[in-house]
Novice: 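I have a structure here, written as C-alpha cells, and I will follow up with some questions on it.
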Number of protein chains: 2
Amino acid sequence: MTLIVHKYGGTSMGSVERIKNVAKRVAKWHKAGHQLVIVPSAMSGETNRLLGLAKEISSHLDSRELDAIAATGEQVSVGLLALALREQGIEAVSYAGWQVPIKTDSAFTKARISEIDDTRVVADLAAGRVVVITGFQGVDPHGNVTTLGRGGSDTSAVAVAAALKAEECLIYTDVDGVYSTDPRIVDDARRLSQVTFEEILEMASLGSKVLQIRSVEFAGKYQVKTRVLSSLTDPMIPLDEEMRSGTLITFEEDERMEKAVISGIAFQRDESKITVRGVPDRPGIAYQILGPIADANIDVDMIIQNQSIDGKTTDFTFTVPRAEYERALTLLEANVREHISSASVLGDPKVSKVSVVGVGMRSHVGIASKAFLTLSEEGINIQMISTSEIRISVLIDEKYMELAVRALHKAFELEKA
Amino acid sequence: MTLIVHKYGGTSMGSVERIKNVAKRVAKWHKAGHQLVIVPSAMSGETNRLLGLAKEISSHLDSRELDAIAATGEQVSVGLLALALREQGIEAVSYAGWQVPIKTDSAFTKARISEIDDTRVVADLAAGRVVVITGFQGVDPHGNVTTLGRGGSDTSAVAVAAALKAEECLIYTDVDGVYSTDPRIVDDARRLSQVTFEEILEMASLGSKVLQIRSVEFAGKYQVKTRVLSSLTDPMIPLDEEMRSGTLITFEEDERMEKAVISGIAFQRDESKITVRGVPDRPGIAYQILGPIADANIDVDMIIQNQSIDGKTTDFTFTVPRAEYERALTLLEANVREHISSASVLGDPKVSKVSVVGVGMRSHVGIASKAFLTLSEEGINIQMISTSEIRISVLIDEKYMELAVRALHKAFELEKA
C-alpha cells in the first residue's frame, strides 16, 4: 500500500460532471489499495470571478482580504469533491489549508509554505479515508489565510507529497505531458516520458504551461517524484496504463544521459533587446544601467557586456520581456543621459529566444557547435548567446523563430523516442 | 464611545453597489465615534448556488462537507466588505468564524454557539479598526467549520453583541421594522417603534419575516438591545434619525404596559386541523396519538382534548402545518386503527390561526372577551382557542382570515400610535 498525491487543475474541476469524473478516477486508485491525498484547484473561472468582485469594489486591494476572498474557491472545491467521493462509496474528508494546517509566511498573495503538520492527515489515511486538501493556500503564524499565488495548487500538492513522503505526486492537467517542443510549431514534437527537474526548470516556456515552476523547485528540493498527466482520459483507464502516461520528472540522470543528449527545444517569442553603446569600461557600469530596471520590477534575462576594443568604451546589451520594452527604454534614456553622457541607447523589440535543453549536454561536447551550425545552415543570424550547464540559448530575429525551432528539433532528432 | 454591532442581510449585500452602500453607512457610524463590529450575510443567492452545486453532486449530503461549502459565501462577503470599508478610508479587518473564533457544538447545519473568544476583536477595536465577522458560522471543538442554519447570521450578530457587551445590535434588513400586522392585509398597519422580545416570539408570523426567532431568544437570554431597521434608506441619513427608525426589541415592559395593551395581530394562514373522535378517556391517549406524529418530525401546534361527556370517550383535536396534513392523516389512520379501534379520524385542511399579542394583556382583563366579541360580530366561528400569558390565538375557517385580522386590528385600535 503506497501513498499517492493527486492534483487536479481548475479545468478538471470545472463542472459538476468533471468533479464526478475526478471522483471516479480517485475511486479507481483507492480500490487498487492506495492511500490517497487529493489537492484540487478552484473550479475554473471561480478565482477570476472572486478577484473581479474585489476589483469592482476597490482599486487599492488589501492583500490580506484578497487572499481570504480568493481562498474560498478551493474551499468549495474540496467540499464538492469530498461529496462526490462519498457518492462513490468512499469515506472522504476535506480540509482547508488552515485546518491541516499548511503553515506559510505572511507574504499575502505569494506566500511560501514553511511547514505542513501531517498529524490529522496521517490519522485519516490510517483510518482508510481519502483526504481532500485545498490547493493554493495556507495559514500564517497569526491565523490569517494566505495564498501561494497563481498556479499555487501545484506547489501545494508537491509540498503535501513531500511532507507525507508520498510515493508519487500526480499532477492531472489538460495536457498529457511535457513535449520536446511546442506541437503547434513542430508537427512531430514528441511527449517526453521523463525529464529531470533541472531540465524542466530550463524549459520554462514548455514546462510552465503544464506545471508551475515553483512546484518543480519544491519537487527538486524534496526529491518528490512528480508526474504530469492528462485528466481528460477516461477515468477508468487501467492503472498501469495511466502510470505509463504523461511525463515523469525524475532526479536520476545516469540512465538518461546515455540515451538522450537533448530533451527539448524551448523558446520565448516575445523578447526585446536593448543595447547601450559607448559605455565607459569601468567598474559599476552594469549596476548603473540595470539598477533602475530592477527597481522598476522589470525582469532582465540575457546580459552581455563585450570586451572594450579601444580600452575606453564598450557596448552593453540585455533582454527584457517585450511588454516591458518601452518602459525599460524610457527608464534608460533618462538614466543614461544623466550618468553616462557619451552613451547612446538602441533597441530591437522584435527578437525571440530559442533554447536547446538537456542534461546529456554535461557529458557530451559539440552540442553548441551543432546548434550554431544548424542555425547558420538556415541563414539565421545569432544576436546573443547565453548558456547554463544544461542549456544553450540564442537570441534571434523574431521572424526566424519557428524555423529555428523546427531545424534544431530535427537536427537533434527529437522526434525519435 | 459606544460599541455597536451591525448585521446586514443577503439582499443588503446583494451586489457590489449595495456592498459599497453598506460601507458608506458603516463609515458614517465610524466617523460619529462609535466602535463597530459588522456581521454580513452571504451575497443573496450565493448560499443557494453553493448548496445547488452540492445537491447536483450528491443526494446523500454529508453535513460536515455541506457546512464547509456553504460557509464560504459569508467568507467572501466579509472580505469584500472590508475592502469596501478601506475604500472609505477606514481601517477594517475581516474574520471567518473560525478565526475569531466563534465556538459551536458539532451539530453541522444547525450548530449552536457555545462561546465567543473576544480577545482578537477587542484588540482590533481598541486599535481603531472596524471588525467584519462572518455570520451564519463557527468552528467546533475539532476544528471543523459549522453553520448555524438558515438565517443564522441574525443569531451570530446578537451573539457577538452579547459577547462584546455591545450597546446595541442593529439588524439591517429589507423591511423597516415589525408591524402591528401584515400591511398587505391591513392598509393602516403601523410600524411598532418597540416590542418586547416575548411579544416578538409570540408574533412569529410577523416577526420571523424580519428576524430569525433563535436570535430573539439569544437577545432575550443575554439582554441584547436589538433593533430591526431598513438597509434600503439613504446610507447618509442622519444618525439620530436612523436611531429612531425601525423597531427596537426591549426588555423593559413597565412603560409600555401603560400605553399599549396589544402590540399586534399575527396569523398563520396555512394551518390544518385533525380530530380523532371516540377516543377512550384514559391516561396515555395523547401520547399514543401524537407520538407517531412527533416521530415523523411533524410540528404540532394547538392541541385540545375535550372533557368526555359520557365518561368513556372523548374527542382529541390538534393542528399541523397544511403541508404536513396528508402525511399526518395517513400516519394517524394507520396508528388509530391499530390501537384504538373505536375511534375515527376527521380533518380540515383549510383553517387559519389568528393571534392577538401584547404584554399589556398581563395587566388588563377583558382582552379575550373583546377579541371573541369582535369575531362574533363579524359572524366568524371560532373552532379552537389557545392562549399564553401574552397571546390569545383562535383557529378559524381560512376564508375569514383577512376579515378577522382587519376586525381585530381595528377593535384594538392598532392603527393609532
Side-chain angles (χ1 to χ4, degrees), chain A residues 15-20 22-23 42-43 46 49-89 91-96 98-101 120 132 134 139 142-145, chain B residues 15-20 22-23 42-43 46 49-89 91-96 98-101 120 132 134 139 142-145:
Chain A
S15 67
V16 162
E17 224 36 64
R18 289 188 182 173
I19 292 173
K20 287 179 179 173
V22 167
M43 295 174 78
E46 185 61 9
R49 184 184 74 85
L50 292 167
L51 295 182
L53 282 172
K55 278 176 195 156
E56 272 186 76
I57 280 182
S58 172
S59 45
H60 321 81
L61 292 173
D62 177 72
S63 54
R64 178 187 178 276
E65 300 300 339
L66 208 56
D67 274 6
I69 293 168
T72 62
E74 281 75 13
Q75 289 165 17
V76 171
S77 279
V78 293
L80 293 178
L81 183 52
L83 289 174
L85 284 166
R86 287 175 167 263
E87 197 70 9
Q88 290 287 325
E91 218 189 314
V93 59
S94 81
Y95 294 119
W98 64 267
Q99 289 177 306
V100 174
R120 201 162 179 175
V132 188
T134 52
V139 61
H142 311 292
N144 300 310
V145 171
Chain B
S15 68
V16 163
E17 224 37 62
R18 288 188 182 173
I19 292 173
K20 287 180 179 174
V22 168
M43 295 174 76
E46 185 60 10
R49 183 184 75 86
L50 292 167
L51 296 181
L53 282 172
K55 278 176 194 155
E56 271 186 75
I57 280 183
S58 172
S59 45
H60 319 82
L61 292 174
D62 176 70
S63 54
R64 177 186 179 277
E65 299 300 339
L66 209 56
D67 274 6
I69 293 168
T72 61
E74 280 75 13
Q75 289 164 17
V76 172
S77 278
V78 293
L80 293 178
L81 183 53
L83 289 175
L85 284 166
R86 285 173 169 265
E87 197 70 8
Q88 290 286 326
E91 219 189 315
V93 60
S94 81
Y95 294 119
W98 65 268
Q99 289 177 307
V100 174
R120 202 162 178 175
V132 188
T134 52
V139 61
H142 311 291
N144 299 310
V145 172

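Lettering follows sequence order; numbering is per chain, from 1.
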Novice: Do you know which of A/L80, A/V132, A/V78 has the most heavy-atom pairs under 4.5 Å to chain B?
Specialist: A/L80
Novice: Taking the side chain as every heavy atom from C-beta outward, state whether B/E65 and A/V93 have any atom pair closer than 4.5 Å.
Specialist: yes
Novice: So which residue, A/D62, A/L66, A/V145, A/V76, ends up with the most heavy-atom pairs under 4.5 Å with chain B?
Specialist: A/D62
Novice: Pick one of side chain, backbone, both or neither for B/L83, based on which atoms fall under 4.5 Å of a heavy atom in chain A.
Specialist: both
Novice: Relative to chain B, which segment of A/A92 carries a heavy atom at a distance below 4.5 Å: side chain, backbone, both, or neither?
Specialist: backbone
Novice: Nearest heavy-atom pair of B/G143 and A/Q99: which atoms, and what distance?
Specialist: O-NE2, 2.8 Å
Novice: Mind listing the side-chain donor-acceptor pairs of residues 50-57 of chain B below 3.5 Å, one per line with the distance, residues two or more places apart or on another chain?
Specialist:
none

Novice: Can you list every side-chain hydrogen bond (donor to acceptor under 3.5 Å, both in side chains) pair that touches residues 71-80 of chain B, not counting sequence neighbours?
Specialist: B/Q75-B/Q137
Novice: Looking at every heavy atom in both A/E87 and B/S58, which two are closest together, and how far apart are they?
Specialist: OE1-OG, 2.8 Å
Novice: Is any NZ, NE, NH1 or NH2 atom of the basic residue among A/R49 and B/E46 found under 4.0 Å from an Asp or Glu carboxylate oxygen of the other?
Specialist: yes
Novice: For B/L81, is it the side chain, the backbone, both, or neither that has a heavy atom closer than 4.5 Å to a heavy atom of chain A?
Specialist: neither
Novice: Side chain, backbone, both or neither: which part of A/D67 has an atom under 4.5 Å from a heavy atom of chain B?
Specialist: neither
Novice: Look at B/S59, B/A71, B/A68 and state which one has the largest set of heavy-atom pairs under 4.5 Å with chain A.
Specialist: B/S59
Novice: Looking at B/E17, B/K20, B/M43, B/R120, which one has more heavy-atom pairs under 4.5 Å with chain A than the rest?
Specialist: B/R120
Novice: Looking only at heavy atoms and a cut-off of under 4.5 Å, which of B/A82, B/S15, B/G79 has the most pairs with chain A?
Specialist: B/G79
